[in-house]
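The structure appears below as C-alpha cells.
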Number of protein chains: 2
Amino acid sequence: MFARVADRRKPNTIDDIGFASASHQTVNLVEFTYRKGAEIYGENEPAEHIYQVKRGAVRTYKMLSDGRRQIGAFHLMGDIFGLNNGERHRFTAEAVVKTTVRLIERKSLQTVAEADAVVARNLFSMLTSNLEHAEDHMLLPGRKTSVERVAAFLSEMDRRAGANTMSLPMSRRDIADYLGLTLETVSRALSRLHWAGVLTLSSVKKPI
Amino acid sequence: MFARVADRRKPNTIDDIGFASASHQTVNLVEFTYRKGAEIYGENEPAEHIYQVKRGAVRTYKMLSDGRRQIGAFHLMGDIFGLNNGERHRFTAEAVVKTTVRLIERKSLQTVAEADAVVARNLFSMLTSNLEHAEDHMLLPGRKTSVERVAAFLSEMDRRAGANTMSLPMSRRDIADYLGLTLETVSRALSRLHWAGVLTLSSVKKPI
DNA sequence: CGCCCCTTTGACCAATATCAAGTCATGTGG
DNA sequence: CCACATGACTTGATATTGGTCAAAGGGGCG
C-alpha cells in the first residue's frame, strides 16, 4: 500500500522561470511557473493566495490514511483554484505539467471584495462553480463500471478543454486516482473505448 | 435497470399539518411538514426558497440516466439545504421520514444579505460548508472496501447527530445510494461491523 | 545507445453485484 | 382475531468486475 507513496517522486522545487507583476484594480497579480510535478501548495498550509492557471494543468488531491491518493479536481487553462473560505488549504496542489499560474493575494482580494459588490459576487459565483464541480464528482460512485467512469472523465475533459482535439496532460495514474480506479483498469477501459471506435488514437495520445 | 425506478413510490403529496409564520429580521419564515417520502423540491425546479430542517431528515439526490439514484447528502436537524447560487435546484429533495422544514424566501434573504454584511458572510460560510461536505464525499471512491465506506458513513452520522445514541432514519437503500453500493452489500457490511463489536444493536436498529 | 518511466496486456484472485430465498414487523380486510 | 399481503432487512449461492501481480513493449531524454 505504501509502495504507492514511496515510489512517488520527491516534490520538485519551484522553477523561478517566469516572474511578472502587474497592478489591476488594486489587486496584485504575480505569475509563477512550476515544473512538472512541483507542489504549488500543500494540504493544511495557510491559504495566502488564490490561483489561476495561465498555462498547463494542476491537480488538487488529498492523501488518504492508507496511502491512497484521491484527486479532487484537475484545473486547466483559465481555471481558478485554491479558493476556499477557510484559513488553510484543504487539498494539495501540484503541477501536472510545466505550469504557469497567476497568484492573487487573498487579503488584497478580500479588501476589494468588501468594497466592490461586483467582485464579491464574482467570488461567490466562483465558489459556487467549485461546489458544482464537487457535486458532479460526487455522482461518480453511481457510475458503476470502469468504462462508464473513464468515458465520463473524457467527456468532462472534452467539454472543458473545448478545443478541437483534446489533450490529456495527466498520467493514467492521475486519472485512476481521480476516478477511484487503478491505472491498469483505466488503461483497459481506454483500450476498450478504442476498439468501440469511440476514441481516435490522436485524441488520447496527447497530440500536444 | 429501470425496475429500480418503476418500483419506487410515486411522490406523496404535501402534508399541510404544520403551518406557522414569523417575522425575523425582515426575512419571512414559514414552516412546512412533509410526510415520509414526500418530495420537497425537484431537480431543475426554480429555486425560490432555501430550507432548514426543523425535525426529521432529508435526502437530496440525482437520478442517473440508467435509473440509478445517487444521494448527494442527508440533511439532519438544523441543517440548511437547497442553497445554491443558480436559479434552479441541482438536486431533488425528499423527506426521509416525516419532516418539518423552515422555508426562507430566496429573494428576501438576498435583499437582507446585500444590506447586511454579516448575513452575507453567513451565506458565504454556509456555501463553504456545503462545499466541504461535497469535497469529503468526493473522497469516497478512495475508500475501497464496503466495510470502510459504511463505517465512514456511520462515523459521519455519529458526528453530525451528536446525540447519545444515533438514529438512522434512512433505509439500507438510501445508505447504498449514498455510498455507491447495493443495499445487500450495506446490509452485509453492517452485519460484519456488528460481529466485530463496533456496533451495538440499539445503535443501528432505530432506537426511536 | 541505453536506461527509465509510462503504458499496455495477461493471468489470477478477491470483492461486490446479482439473483434468490427466507425472516420479521406492520397493516389490512374478511 | 386471524389470514394474508406488503415492505424492509438479512443471508446464501453464483457471476462479474476490478484489483493485484507480473511481464513486456515503447517513447523520451541523458
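Each chain gets a letter, A, B and so on, in the order its sequence line appears, and its residues count up from 1.
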How long is the line joining CZ of B:R173 and P of D:dT10, in whole Å?
14 Å
Give me the distances for all protein-to-nucleotides 25-29 of chain D N/O pairs that come in under 3.5 Å?
none

Salt bridge (charged side-chain N to carboxylate O under 4.0 Å, His left out): which pairs involve residues 51-64 of chain A, sequence neighbours left out?
A:E31-A:K54, A:E43-A:K62, A:R59-A:E94, A:R59-A:D174
Whole-Å distance separating the CG atom of B:D177 from the P atom of D:dC9:
12 Å
A:S191: side chain to side chain contact (heavy atoms under 4.5 Å, CB included) partners, not counting sequence neighbours:
A:W195
Suppose the criterion is salt bridge (charged side-chain N to carboxylate O under 4.0 Å, His left out): which pairs have a residue in residues 185-196 of chain B, not counting sequence neighbours?
none
Looking at five pairs on each end of the helix from C:dC1-D:dG30 to C:dG30-D:dC1, what is the angle between the two axes, given to 10 degrees?
30°
Non-neighbouring partners of A:S187 that pass side chain to side chain donor-acceptor pair (under 3.5 Å), sequence neighbours left out
none
Specify the separation, in whole Å, of atom CZ of A:R149 and atom P of D:dG19.
8 Å
For A:H133, side chain to side chain contact (heavy atoms under 4.5 Å, CB included) partners two or more places apart:
A:A73, A:H137, A:E156, A:R160, A:Y178
Rounded to whole Å, CG of B:L190 lies from P of D:dA8 at a distance of 16 Å
With sequence neighbours excluded, what pairs up with B:T185 under the side chain to side chain donor-acceptor pair (under 3.5 Å) test?
B:T182
Rounding to an integer number of Å, can you tell me how far B:E148 CD sits from D:dG19 P?
14 Å
Can you confirm whether or not the ring centre of B:Y61 sits under 6.0 Å from the ring centre of B:F91?
no
Using the test side chain to side chain donor-acceptor pair (under 3.5 Å), find all partners of B:T92 that sit at least two apart in sequence or belong to another chain.
none
Could you go through the salt bridge (charged side-chain N to carboxylate O under 4.0 Å, His left out) check for A:E135 and B:R90 one step at a time?
CA-CA 9 Å; A:E135 285 175 344; B:R90 292 169 46 78; 2.8 Å; yes
Without decimals, in angstroms, what is the distance between B:R172 CZ and D:dT10 C1'?
9 Å
Would you please name every residue forming a side chain to side chain donor-acceptor pair (under 3.5 Å) with A:Q52, sequence neighbours left out?
A:R102
Results of side chain to side chain contact (heavy atoms under 4.5 Å, CB included) for A:A93 - residues two or more places apart only
A:I40, A:Y41, A:V58, A:T60, A:F81
For every nucleotide of nucleotides 9-16 of chain C, 5' to 3': is a protein heavy atom under 4.0 Å from its base (B), only from its sugar-phosphate (S), or from neither (-)?
BBB----S
